[in-house]
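In what follows, a structure is listed as structure tokens, so that the remarks can point back to it.
Within every chain, numbering begins at 1; the chains are lettered A, B, ... in the order of the sequence lines, protein sequences first and strands thereafter. Keep in mind it's a predicted model, so treat the numbers as computed, not measured.
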Protein chains: 2
Amino acid sequence: MTNGRRAIGLDIGGTKVAGAIVGEDGTVHAELRRNTPDTSDSDTMNDLLRGMVADLRAGPAGDGVSAIGVGAAGTVEWPVGRIRWAPNNAYRDWDLRGELERSTGLPAVVDNDGNVAGLAEARLGGTRHDDMILLTVGTGIGAGIVLGGKIYRGPHGLGAEVGHMNVNPDGPQCGCGNFGCLESMASGTALTRMGRSAAAHDPDGMIATLAADGGGEVAGRHVTMAAMAGDRTAQSLFLRLGRALGIGIASVNAIFEFEAVVIGGGLVDAGELLLDPARRAAREFAYSPTSRPIPPVLPATFKGDAGKIGAGLLALEET
Amino acid sequence: MTNGRRAIGLDIGGTKVAGAIVGEDGTVHAELRRNTPDTSDSDTMNDLLRGMVADLRAGPAGDGVSAIGVGAAGTVEWPVGRIRWAPNNAYRDWDLRGELERSTGLPAVVDNDGNVAGLAEARLGGTRHDDMILLTVGTGIGAGIVLGGKIYRGPHGLGAEVGHMNVNPDGPQCGCGNFGCLESMASGTALTRMGRSAAAHDPDGMIATLAADGGGEVAGRHVTMAAMAGDRTAQSLFLRLGRALGIGIASVNAIFEFEAVVIGGGLVDAGELLLDPARRAAREFAYSPTSRPIPPVLPATFKGDAGKIGAGLLALEET
């Protein structure tokens with residue numbers, strides 16, 4: 001019944017853990033999703049992941065799963081698979097690869113979430129690009145850099161943290177503790193922060209109203225909904241967000257020579273609201289545009305699914 | 001009389017052209033220096049370089065020169081050796097490699113000036129580093145990135161332009177036309193701009209006085225002299241300059257995983273005036289310093305000589 005090998009791919013983000021059974025061609029045979037617990041320490045997370053793996057294996061697509069791949073937010077030692085630290089999760093010095101292998105009996109690989117998502121886009125995205133970057137715009141900003149067809153991780157897996165480039169030393173505080181990281185200006189967290197500020201200044205505005213109708217605090221999704229419904233305030237927040245993203249893109253384009261800049265993560269669902277101002281700023285701040293090509297800024301093929309698919313692919317390639 | 005092969009290395013910057021006869025171990029057997037003409041178009045530059053090569057070959061160390069290497073400011077196609085554009089020079093679409101080979105009869109290689117300087121530091125600097133960056137702080141900010149022991153140029157030689165990362169979208173205009181590039185905030189040009197502003201505000205201050213004694217406009221060297229003599233204003237300008245450099249260093253450290261960040265170019269002669277605030281800012285803005293090592297910020301071994309030495313080494317390695 002199965003075609004080729006299958007692996008479980010897990011994508012651990014700041015707000016959710018996505019899991020899937022992934023085939024060698026990237027097909028998702030089953031999927032599962034949990035919210036990241038508020039106390040995201042390593043014991044809590046071990047229990048959650050063990051449960052997700054067991055549920056996926058027990059399901060109808062679970063036969064023949066031969067490995068586990070994980071993409072996790074934070075600084076992940078490669079190939080050891082130990083997570084040293086994460087800006088938006090409570091786990092620290094977490095031997096995730098060892099824990100998973102012991103609790104499941106399957107071989108496992110653990111990499112940074114941006115890296116595995118970048119692998120999925122490079123291998124299975126619309127066009128094959130040997131030199132590209134994926135920026136995943138979600139709670140934070142993850143990145144996967146592919147140079148000459150290979151993931152660039154740095155010698156110990158600690159590189160490619162493009163979300164923590166500084167784009168404004170006087171900017172807002174980031175989840176990592178610094179001020180003015182790209183992530184602090186252009187992520188879902190930044191959208192939430194800007195949306196709350198806008199709602200506080202205009203309690204009768206659409207952003208505040210949508211949040212109140214939902215019975216909770218303003219979140220980034222209320223800004224997205226309001227912007228899509230034509231609210232000028234919400235649209236102006238996307239202009240700010242996209243412009244910051246585009247300035248960061250221009251900076252990485254000065255350093256690398258990419259064929260494409262691919263934008264993934266939850267916020268890419270906002271489409272041109274995010275991508276149009278990002279493209280404009282990437283052009284405005286492009287270094288020497290008369291002598292250096294400006295790579296296209298494209299929406300990711302897999303959007304929010306790139307992490308779990310790439311994690312599964314990585315497991316199939318590396319085990 | 002000669003030991004091993006020798007090449008002529010030429011380093012074309014915004015204000016000067018440095019030339020040398022370089023041995024395989026990096027020894028400089030002869031050197032020569034010319035100011036970059038105000039009209040730095042390609043015809044003028046061809047004449048200048050042809051003359052420098054002839055003078056070096058006619059000198060006592062000229063026997064046995066077998067190749068020419070050039071490091072040039074700007075975007076340089078690799079391996080073609082065509083200079084597409086440079087922010088601080090007038091040459092455009094200049095087939096420098098072809099011109100040199102035709103006019104001298106010697107094989108030639110042409111690369112970005114930061115790349116060749118990085119090669120010199122990586123091969124012959126105090127400690128061998130397989131993953132490092134050289135930032136040359138002169139008229140502009142050049143960069144040479146070494147990954148896994150090899151120069152990272154991008155697939156067509158147009159990468160590694162770290163000086164044109166954006167560090168402040170509202171910052172001053174750069175020679176490249178953009179606003180807020182690292183180069184616009186942390187180069188010799190930035191020091192000159194800040195020095196002129198300080199002298200205009202305080203015509204009796206040390207910076208203005210040193211420039212007037214020299215009979216000319218304020219230049220970066222007057223700020224350096226004043227800072228070294230203890231002038232508080234000049235020292236505060238170095239704090240600003242070094243801090244901007246350090247923020248840029250923190251950004252590249254987020255992306256790469258370097259063993260060392262090496263600072264060269266003319267301004268490194270200012271020593272700790274530049275390096276101390278750069279180190280502090282690189283630490284202040286380091287991403288996840290508890291989980292990722294902060295590479296040391298070191299003065300270059302070859303300082304202003306890295307370009308011509310690296311250009312000579314590259315010629316010996318590639319021809």
Side-chain angles (χ1 to χ4, degrees), chain A residues 74-77 83-87 92-93 130-131 143 145 147-148 152-170 174 176-183 243-244 247-248 250-259 281 284-293, chain B residues 74-77 83-87 92-93 130-131 143 145 147-148 152-170 174 176-183 243-244 247-248 250-259 281 284-293:
Chain A
T75 54
V76 183
E77 280 177 72
I83 302 183
R84 291 191 181 180
W85 184 82
R92 297 285 180 268
D93 282 320
D130 278 345
D131 288 85
I145 294 174
L147 300 179
Y152 175 74
R153 295 183 175 93
H156 309 100
L158 305 178
E161 294 285 2
V162 172
H164 300 278
M165 281 194 329
N166 199 288
V167 294
N168 179 359
D170 302 315
C174 183
C176 78
N178 276 344
F179 292 82
C181 297
L182 178 61
E183 176 167 310
R243 181 172 170 83
I247 292 169
S251 283
V252 294
N253 284 344
I255 300 176
F256 298 100
E257 202 184 332
F258 292 129
E259 295 158 340
E284 178 185 345
F285 288 96
Y287 173 58
S288 186
T290 57
S291 73
R292 302 171 82 242
Chain B
T75 54
V76 184
E77 282 178 69
I83 303 185
R84 292 189 180 180
W85 184 83
R92 298 285 179 269
D93 282 321
D130 278 345
D131 288 86
I145 294 174
L147 301 179
Y152 174 76
R153 295 183 176 92
H156 310 99
L158 306 177
E161 294 284 2
V162 172
H164 299 278
M165 284 195 327
N166 200 288
V167 295
N168 180 359
D170 302 315
C174 183
C176 78
N178 276 342
F179 292 81
C181 297
L182 179 60
E183 176 168 310
R243 181 173 170 81
I247 292 168
S251 283
V252 294
N253 284 344
I255 300 176
F256 297 99
E257 202 185 333
F258 292 129
E259 295 158 341
E284 178 184 345
F285 288 95
Y287 173 58
S288 187
T290 57
S291 74
R292 301 172 83 244

Considering all heavy atoms of both residues, which atom of A:Phe285 and which atom of B:Asn178 are nearest to each other, and what is their separation? O-ND2, 2.9 Å
How are the rings of A:Tyr287 and B:His164 set to each other: parallel, tilted or perpendicular (split at 30° and 60°)? parallel
Pick one of side chain, backbone, both or neither for A:Leu182, based on which atoms fall under 4.5 Å of a heavy atom in chain B. neither
Identify which part of A:Arg92 has an atom lying under 4.5 Å from any heavy atom of chain B, answering side chain, backbone, both or neither. neither
Would you say the side-chain atoms of B:Arg292 pair up with the backbone N or O of A:Thr75, donor to acceptor, closer than 3.5 Å? no
B:Glu259 versus chain A, heavy atoms under 4.5 Å apart: side chain, backbone, both or neither? neither
For B:Phe258, which atoms come within 4.5 Å of any heavy atom of chain A: side chain, backbone, both, or neither? neither
How many angstroms lie between CD in A:Glu161 and CG in B:Asn253, if you round to the nearest 0.5 Å? 12.5 Å
Only pairs of heavy atoms separated by less than 4.5 Å count here; which of A:Asn166, A:Asp131, A:Asp93 has the most with chain B? A:Asn166
Between chain A and each of B:Asp170, B:Asn168, B:Val167, B:Asp130, count heavy-atom pairs under 4.5 Å; write down the option with the most. B:Val167
The reported gap from OH in A:Tyr152 to CD in B:Glu257 (rounded to nearest 0.5 angstrom) is 6.5 Å
Checking A:Ser288 now: which residues fulfil side chain to side chain donor-acceptor pair (under 3.5 Å) with it, not counting sequence neighbours? A:Ser291
Please state whether the side chain, the backbone, both or neither of A:Ala286 comes within less than 4.5 Å of a heavy atom of chain B. backbone
